[in-house]
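A short worksheet on the structure shown next.
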Amino acid sequence: MSDSPSPSKNSFAVPAVTLVIGLVVGALAGRFLLAAPSPPIRDPGATAGSGHYSGSASSADGEPGAPSDSGPPDSASAASSSGNATASKGKSTAGKPDKDEKLSAAELIPLLEDQTKTNLNSILFYTDLAAAIARLDPNDIPEVLDYVANSSNLQMKMAVTSIVFANWAADSPEEALRYAEGITSPQVKSMAMQGVLSTWIGSDPDAAFRYLETLEPSRQKTQSLQQAIMSLAMTEPEAAAARALAQEDVMMRSQLVSSVGQVWAMNDPKAAMRWIDQIEDPSLAHQVNESVYTGWAYNDPQSALEYASTLDDPTRQKQILQQALQAWIQQDPDAGTEYLLALPEETRTDELINNISWSLSQLPLEKLRSVLNSLPESQRSTAMRNLAASRANASPREAIQLVEEMADEKTQGLAFGNIASTWARSDPYGAAQWLNELPDGTPRDQAIGGFARQLVEISPRDALNWVESIQDENYRTSQAQSLLRQWLTRDRAAAEGYIQQTGLIDQAAKDRLLNRQ
């Protein structure tokens with residue numbers, strides 16, 4: 001990277017981005033298994049009666065796992081029940097295998113590939129995945145695990161691992177856990193353990209917790225205990241709450257109690273609210289309150305809103321309103337936005353619009369235009385800026401189109417600054433290309449400012465080179481000084497050298513930055 005690249009050439013470095021995704025799919029897999037009529041998977045071996053995973057799939061992520069004698073039980077009965085028949089290739093009209101068919105790896109793997117392209121963050125995806133794996137031909141499990149082991153999609157890898165081990169635990173949780181303990185990848189091991197515990201908790205919680213007590217203190221034990229309590233909360237929230245409150249570690253107790261409250265509220269919010277009243281620690285009770293509101297609002301937003309209307313505490317009302325609208329707009333955009341727009345103006349504040357902007361930004365573009373047009377003039381500008389930034393996370397070009405169609409120059413400039421800042425985090429090269437397309441003027445200046453505020457974290461010199469192209473002198477100077485202050489806090493020697501030679505700011509500003517005045 002050069003020291004002073006031209007902004008028009010988009011020359012700057014892009015840091016490596018590590019995406020760490022946590023999935024809570026074990027509980028879902030466990031609930032599905034307990035309700036499903038399908039028999040548990042008995043034979044993850046390559047051939048009937050092999051009694052162990054094939055070596056290449058031993059750890060669910062391509063790493064050496066536990067020895068073969070810790071594998072699943074003999075599969076003769078499973079092979080007999082399935083008739084060793086070749087899996088049917090038939091599909092339903094929706095393109096998914098019929099629920100009564102045996103599913104082969106050749107059918108499951110394309111399903112994974114198709115759905116992960118468009119639907120990975122959908123709960124429906126994980127429900128479908130659990131249903132599919134419950135019908136997977138036992139002999140095909142190694143092939144599926146080999147596939148996910150070689151996948152670069154960590155989220156899918158972890159989900160499949162969790163659900164496969166949840167199936168295994170339906171037959172022999174102790175053996176599944178012994179095998180999971182041999183997995184060397186911490187993230188995949190955690191998901192395997194979570195899958196096993198989700199099933200075991202559903203069938204014999206006391207045995208599962210007795211097993212956890214035998215483990216030596218470790219990070220893995222802590223994670224497994226958390227997973228077990230959360231799985232228990234799905235079916236026995238009172239028991240899970242008691243175990244959470246019994247934890248000696250203050251931070252773990254706080255986290256677990258809040259999580260249990262959120263899960264409880266998704267199933268029985270009024271019972272969860274009654275439980276909060278029994279918590280003696282006021283600060284903990286307040287924390288759980290927020291979690292319960294989140295769970296309730298997600299599961300039944302209309303009921304949560306009705307409850308909020310009965311409260312005298314305006315802070316609680318505001319919390320529930322915000323969370324319920326977030327969920328309702330995602331679940332039923334028409335009903336949710338209709339409720340929002342019918343709120344009195346004193347309730348439908350700029351703060352509320354900002355706090356639910358992510359949900360609103362996911363609406364179809366035409367619906368989003370309609371919502372913005374329905375807002376009073378006094379709110380539209382602020383809403384436009386916030387919604388543009390949120391929309392830019394998924395589709396910067398759509399966010400730009402919306403702003404160009406609906407905003408005046410001032411609002412357009414502020415919105416462009418937000419879009420450029422958001423876009424620069426995920427695709428700085430694409431954002432830079434857009435900046436080069438913009439005509440000179442206030443919107444471009446503001447966009448460059450937003451872009452440079454993100455770029456300074458990567459390359460301060462390149463960020464300042466972009467700022468040099470801002471036409472408005474006052475805005476250019478203020479942005480330069482702001483970026484230089486950030487640079488000074490991170491690398492004072494390099495920043496001082498730049499300040500001494502730059503023509504972006506005058507000598508008085510240089511002296512102030514260098515603490516000479």
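Index from 1, following the sequence.
- For residues 414-424, the set of pairs meeting the side chain to side chain donor-acceptor pair (under 3.5 Å) definition, not counting sequence neighbours, comprises Ser421-Gln454.
- Using a distance-only test at 3.5 Å, with no hydrogens or angles considered, a donor-acceptor pair links the side chain of Ser359 to the main chain of Gln326.
- Between Trp434 and Phe451, the ring center distance fails the sub-6.0 Å criterion.
- The distance from atom CD1 of Ile419 to atom CD1 of Ile400, rounded to the nearest 0.5 Å, is 5.5 Å.
- For Asp206, the salt bridge (Lys or Arg N to Asp or Glu O under 4.0 Å) partners two or more places apart in sequence, or in a different chain, are Arg243.
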Exercise. Take Gln486 and Glu457 through the side-chain contact (heavy atoms from CB on, under 4.5 Å) test and state the conclusion after the steps.
Key: CA-CA 9 Å; Gln486 292 183 57; Glu457 300 294 326; 3.4 Å; yes
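- Applying the salt bridge (Lys or Arg N to Asp or Glu O under 4.0 Å) criterion to Arg380, with sequence neighbours excluded, gives Glu377.
- Remark: Asp440 pairs with Gln471 by the side-chain hydrogen bond (donor to acceptor under 3.5 Å, both in side chains) rule, at least two apart or across chains.
- Gln287 contributes atom CD, which lies 9.0 Å from atom CD of Gln255 (distance to the nearest 0.5 angstrom).
- By the 4.0 Å N-to-carboxylate-O rule, Asp334 lies close enough to Lys367 to be salt-bridged with it.
- Under the 4.5 Å side-chain criterion, counting only non-hydrogen atoms from C-beta, Tyr293 is in contact with Met273.
- Glu248 meets the salt bridge (Lys or Arg N to Asp or Glu O under 4.0 Å) test with no other residue; sequence neighbours excluded.
- Using modelled atom types, one finds a donor on one side chain and an acceptor on the other under 3.5 Å when comparing Ser190 with Gln227.
- With sequence neighbours left out, Gln302 forms a side-chain hydrogen bond (donor to acceptor under 3.5 Å, both in side chains) with no residue at all.
- If you take CG on Asn354 and OG on Ser390, they are separated by 7.5 Å, rounding to the nearest 0.5 Å.
- Applying the side chain to side chain contact (heavy atoms under 4.5 Å, CB included) test to Ala335 and every residue at least two apart in sequence or in another chain returns Trp328, Asp332.
- Using a distance-only test at 3.5 Å, with no hydrogens or angles considered, a donor-acceptor pair links the side chain of Gln379 to the main chain of Arg348.
- The number of heavy-atom neighbours closer than 6.0 Å to CD of Glu238, taken from other residues, nucleotides and ligands shown, is 12 or below.
- Legend: salt bridge (Lys or Arg N to Asp or Glu O under 4.0 Å) pairs involving residues 390-410, not counting sequence neighbours, sorted by first then second residue: Arg369-Glu405, Arg391-Glu398, Arg397-Glu437.
- Using a distance-only test at 3.5 Å, with no hydrogens or angles considered, no donor-acceptor pair links the side chain of Ser482 to the main chain of Gln479.
- Proximity of a side-chain donor or acceptor of Ser198 to a complementary backbone N or O of Gly195 within less than 3.5 Å is detected.
- In this structure, the side-chain hydrogen bond (donor to acceptor under 3.5 Å, both in side chains) partners of Gln319, at least two apart in sequence or on a different chain, are Glu290.
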Exercise. Apply the test side-chain contact (heavy atoms from CB on, under 4.5 Å) to residues Leu136 and Asn167: give CA-CA distance (whole Å), side-chain angles for both, the deciding distance (0.1 Å), then the verdict.
Key: CA-CA 10 Å; Leu136 183 62; Asn167 274 270; over 6 Å; no
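- Not one N or O on the side chain of Arg476 forms a donor-acceptor pair closer than 3.5 Å with the backbone of Leu504.
- Between the side chain of Asp445 and the backbone N or O of Asp472, at least one donor-acceptor pair lies under 3.5 Å.
- In Gln331, the CD atom is crowded: over 12 heavy atoms of neighbouring residues, nucleotides or ligands sit closer than 6.0 Å.
- Between Thr382 and the choices Leu414, Ile353, Leu387, Asp350, the side-chain contact (heavy atoms from CB on, under 4.5 Å) rule is met once, by Asp350.
- Counting only residues at least two apart or in different chains, salt bridge (Lys or Arg N to Asp or Glu O under 4.0 Å) contacts with residues 296-324 comprise Lys318-Glu351.
- Among residues two or more places apart in sequence or in another chain, the ring pair (Phe, Tyr, Trp, His ring centres under 6.0 Å) test is passed with Tyr475 by none.
- Taking Asn355 as the reference, Gln322 meet the side-chain hydrogen bond (donor to acceptor under 3.5 Å, both in side chains) condition, with sequence neighbours excluded.
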